[in-house]
Amino acid sequence: MRRPGPRGLKQKESFGSSSVQALLEVTSVVRGERDLKSALATIVGTVAEALEFKTVVLNLYRPEFDDFCVTDVYGSTEARNALLGSTYEWSSWRPLLSEAYRRGGAYLIPHGSFDWSEDVGSRYVPSIAASEDPEAWHPEDELFVPLQDADGRMLAIFSVGEPRTGRRPNADELEVLCALAAHAAIAIETAQQTARTARHRASLEQLLEVSSTLTAAQSTQAILETVCRGIHTALGFHKVSIELVDGETGLLRSRASSGWDAGDPAVLRAVPFDPLRALFDPEFEISGCYLVPGDAARERIPTEHVKYSSQRNGRGPHAWNHHWLLVPLFDRNGEEMGFIWADDPEDRLIPSAERLQALRVFANQATTALYAAEQFEQMRFLADHDPLTNLLNRRSFVDRLDAEVARSRRYERPLALLVFDLDELKSLNDTQGHAAGDEALRSIADALRATIRTNDNAFRIGGDEFAVILPEAEGEDAHAAAQRIADEMKLAASFGVAVCTADCDAGALLREADDAMYTMKRRRRARALRAAGGDDLSAVV
């Protein structure tokens, strides 16, 4: 036998009380056992002990693989060794659950009525002598009882064998066995539902815990990484990535991920967003998520844009099989800015509606947290930067100059300071308006960013006053930088340069640079009065 043959039931005179006791014990499992594994073991033991079968096997249906797995065996060591952990495809069960063998809700396959020579999976045939009595239990007899849930879906199949009476069960005994199986089905369904509810509750608790930490994150990157870890842990997806559109290239890039190595192509490769928008089809929308079957995804997405293929796939109608699961993320204008991509579910099953709802809620909370982080970063940026030009502001200038002067003196490294202001801004504002003046200031900032070195820092320190701190620069370097800036600018400016000495301080350095700038400004004005103006920087001190 590939599964143990059925056990005999008690003789009729004692069978009734034993079966009632079995029903009560299985019913208690429904109420008492909250752990699925414990419930299954208890059910199998109850059937065996109460109805006196030497061997009882539970073949539990696995929706992720659309097959049956032997999870519990009550019986001899030989039976357990032969069957425990064995799996059977649905196709191998169908000929056994034929109408030809049906006896009420059970299926009795007498010895010799089925050809077992085909490969139908592991079997166990007990070492007992065959009797010539036609009603006696033969070692190769089989008795199966399907267990279904309230909606008629298969939960498991009991295989019972070696009845202690040594006889095949009669119609009354089979009826009681099926009644017992029905109660066992309720117990299994309840235990499975309890397990699902517990997992869902734990997921929600984890999501709430993760969500509570989002507002405390100090940066957008920290939030994205927290989201990925939360979905991985709380919802059981082995692979999670947050893909956002790069503002410069328009390509989707993984900004944070969980489950992939940092150098994995699925993380590193950038792909166009537009081809993937084809997955956002209302046909596949569930609770704000888009769950797309693998075949449908392949029809919509060019192969070169596929960065990863699912590894935790199953079989059958309920299994995850190269599906795509995307949760769109929207900016403040309601435009798609990317998505959360979840793959490789732990249980290898298509996620339930409740699981997708939790994923969508979490994505919404993550988006809100991103907005908050964006505002926080903007406020922090504005605290150090000038809002018009996006250059560092005077407060940052004072702090940075103090630090650079201290570094220059401590390590005896050169340091130069360049300051300048615009000679024509007031005239521009008076003749063309302040909008033109603002545009001119922004152009100055662009000129600075285009000409200064990477380790230099540019600042707007007043209305039309700018400064550049030049570490590792001598006076000659600073004069050259001033000339480059002047060549790039559209407005005339007066420049001043100062070089840090061994005993200089930040205040003295700034005053020296200011004095040099105003000296140049006075000379330029004097030349202007003599109608000999220009941008001669030879007067910079």
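Model, not experiment: these values are computed from the prediction. Excluded from the calculations below are hydrogen atoms, water molecules and symmetry mates; all remaining heavy atoms, backbone and side chain alike, are included. The chain is numbered in sequence order, starting from 1.
- Arg253 has a carboxylate O that lies under 4.0 Å from a charged side-chain N of Asp246, or vice versa, which qualifies the two as a salt bridge.
- A 4.5 Å side-chain heavy-atom check between Val292 and Phe284 finds at least one atom pair inside the cut-off.
- With contacts defined as side-chain heavy-atom distances shorter than 4.5 Å, the pair Leu329/Ile340 qualifies.
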_Derivation of the side-chain hydrogen bond (donor to acceptor under 3.5 Å, both in side chains) call for Asp399 and Ser396_ = CA-CA 5 Å; Asp399 292 342; Ser396 297; 6.0 Å; no

*Test log, rule salt bridge (Lys or Arg N to Asp or Glu O under 4.0 Å), inputs Lys426 and Asp464*: CA-CA 9 Å; Lys426 184 177 185 305; Asp464 62 350; over 6 Å; no

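- Across all their heavy atoms, Phe420 and Ala493 have their closest contact at CD1-CB, 4.0 Å.
- Atoms CG and CZ, from Leu448 and Arg484 in turn, are 11.0 Å apart once rounded to the nearest 0.5 Å.
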*Dump the intermediate steps for side chain to side chain contact (heavy atoms under 4.5 Å, CB included) on Arg409 and Leu415, then the final yes or no.*
CA-CA 9 Å; Arg409 293 179 60 180; Leu415 172 68; over 6 Å; no

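- A salt bridge links Lys307 and Glu243; the closest N-O separation between the charged side-chain nitrogens and carboxylate oxygens is under 4.0 Å.
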*Under the side chain to side chain contact (heavy atoms under 4.5 Å, CB included) criterion, do Gln148 and Arg153 qualify, and how do the steps go?*
CA-CA 5 Å; Gln148 297 178 320; Arg153 291 186 291 262; over 6 Å; no

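- Smallest separation of non-hydrogen atoms from Ala447 and Met489: CB-CG, 4.0 Å.
- Panel note: side chain His479, backbone Gly475; a donor-acceptor pair is recorded below 3.5 Å.
- With hydrogens and angles left out, the side-chain atoms of Tyr61 and Asp67 include no donor and acceptor closer than 3.5 Å.
- Side-chain contact check for Ile231 versus Ser258: every heavy-atom pair is 4.5 Å or farther apart.
- Between Tyr290 and Phe280, the ring centre distance stays below 6.0 Å.
- With salt bridges taken as basic N to acidic carboxylate O contacts below 4.0 Å, none links Arg394 and Asp384.
- Remark: the Ser427 side chain and the Asp430 side chain contain no N/O donor-acceptor pair separated by less than 3.5 Å.
- A donor-acceptor distance shorter than 3.5 angstrom exists from the side chain of Ser443 to the backbone of Ala440, with no hydrogens or angles considered.
- In this pair, Tyr308 and Trp341 present their aromatic rings perpendicular. The plane angle is above 60°, beyond the 30 to 60° band.
- Note on ring orientation: taking the six-membered ring where Trp is involved, the planes of His323 and Trp320 are tilted (angle from 30° to 60°).
- Around CD of Glu412, the count of heavy atoms belonging to other residues, nucleotides or ligands within 6.0 Å does not exceed 12.
- A donor-acceptor contact shorter than 3.5 Å links the side chain of Ser92 to the backbone of Glu89.
- Put simply, the side chain of His385 gets close to the backbone of Phe381: a donor and an acceptor are under 3.5 Å apart.
- Shortest non-hydrogen contact noted between Leu356 and Pro351 is CD2-CG, 3.7 Å.
- Side-chain contact between Arg196 and Glu354 is absent, with no heavy-atom pair separated by less than 4.5 Å.
- Inter-residue side-chain proximity for Leu417 and Ile469 is flagged as met; some heavy-atom pair is nearer than 4.5 Å.
- Note: Phe339 CZ to Phe330 CZ = 12.0 Å, rounded to the nearest 0.5 Å.
- Checking side-chain atoms of Asp264 against main-chain N and O of Ala266 turns up a donor-acceptor pair under 3.5 Å.
- Under the 3.5 Å distance criterion, the side-chain polar atoms of Asp438 are left unmatched by any main-chain donor or acceptor of Leu388.
- For Gln221 (side chain) and Ala256 (main-chain N/O), no donor-acceptor pair under 3.5 Å exists by modelled atom type.
- Between Leu470 and Ala481, the shortest heavy-atom contact is CD2-CB, 3.9 Å.
- Results of the side-chain contact (heavy atoms from CB on, under 4.5 Å) test with Phe466 over Ile485, Leu441, Val419 single out Leu441 as the only residue that passes.
- The residues Asp456 and Arg453 are annotated as salt-bridged, a charged nitrogen and a carboxylate oxygen being separated by less than 4.0 angstrom.
- Salt-bridge formation is detected for the pair Arg277/Asp274: a Lys NZ or Arg NE/NH1/NH2 atom is positioned less than 4.0 Å from an Asp or Glu carboxylate oxygen.
- In terms of heavy atoms, Phe65 sits closest to Asn313 at CE2-O, 4.0 Å.
- Here the side chains of Arg460 and Glu465 are not in contact, with every heavy-atom distance at 4.5 Å or above.
- Using a 4.5 Å heavy-atom cutoff, the side chains of Leu510 and Phe397 are in contact.
- The nearest pair of heavy atoms linking Leu509 to Ala498 is O-CB, 3.5 Å.
- Within 6.0 Å of atom CZ in Arg410, 12 or fewer heavy atoms from other residues, nucleotides or ligands are found, so the atom counts as exposed in its surroundings.
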*Walk me through it: do Phe68 and Trp90 pass the test ring-ring contact (aromatic ring centres under 6.0 Å, His included)?*
CA-CA 7 Å; Phe68 293 81; Trp90 243 123; 5.1 Å; yes

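- Using a cutoff of 4.0 Å between basic side-chain nitrogens and carboxylate oxygens, Arg312 and Asp344 are not scored as salt-bridged.
- Residues passing the salt bridge (Lys or Arg N to Asp or Glu O under 4.0 Å) test with Arg413, sequence neighbours excluded: Glu472.
- Both cation-pi conditions hold for Arg355 and Phe237: the charged atom is under 6.0 angstrom from the six-membered ring centre and inside a 45 degree cone around its axis.
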*Under the side chain to side chain contact (heavy atoms under 4.5 Å, CB included) criterion, do Leu40 and Leu60 qualify, and how do the steps go?*
CA-CA 9 Å; Leu40 297 179; Leu60 190 67; 3.9 Å; yes

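- Using a 4.5 Å heavy-atom cutoff, the side chains of Val271 and Leu251 are not in contact.
- For Glu488, the side chain to side chain donor-acceptor pair (under 3.5 Å) criterion is met by no residue, not counting sequence neighbours.
- Classification of Arg442 and Asp446 as a salt-bridged pair fails, no side-chain N sitting under 4.0 Å from a carboxylate O.
- Of the charged side-chain nitrogens involved, none lies within less than 4.0 Å of a carboxylate oxygen, so that Glu64 and Arg315 do not count as a salt-bridged pair.
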*Go through the steps for Asp343 and Val240 under the test side chain to side chain contact (heavy atoms under 4.5 Å, CB included), then give the verdict.*
CA-CA 6 Å; Asp343 209 327; Val240 183; over 6 Å; no

_Working for salt bridge (Lys or Arg N to Asp or Glu O under 4.0 Å), residues Asp514 and Arg511_ = CA-CA 5 Å; Asp514 274 340; Arg511 285 191 297 273; over 6 Å; no

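- Listed by chain and residue number, nothing satisfies the disulfide (SG to SG under 2.5 Å) test with Cys289 (two or more places apart in sequence, or in another chain).
- With hydrogens and angles left out, the side-chain atoms of Gln193 and Glu189 include no donor and acceptor closer than 3.5 Å.
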_Could you go through Asp421 and Ser494, starting from their C-alpha distance and side-chain angles, then the distance that decides it, and tell me whether this counts as side-chain hydrogen bond (donor to acceptor under 3.5 Å, both in side chains)?_
CA-CA 6 Å; Asp421 71 3; Ser494 298; 4.6 Å; no

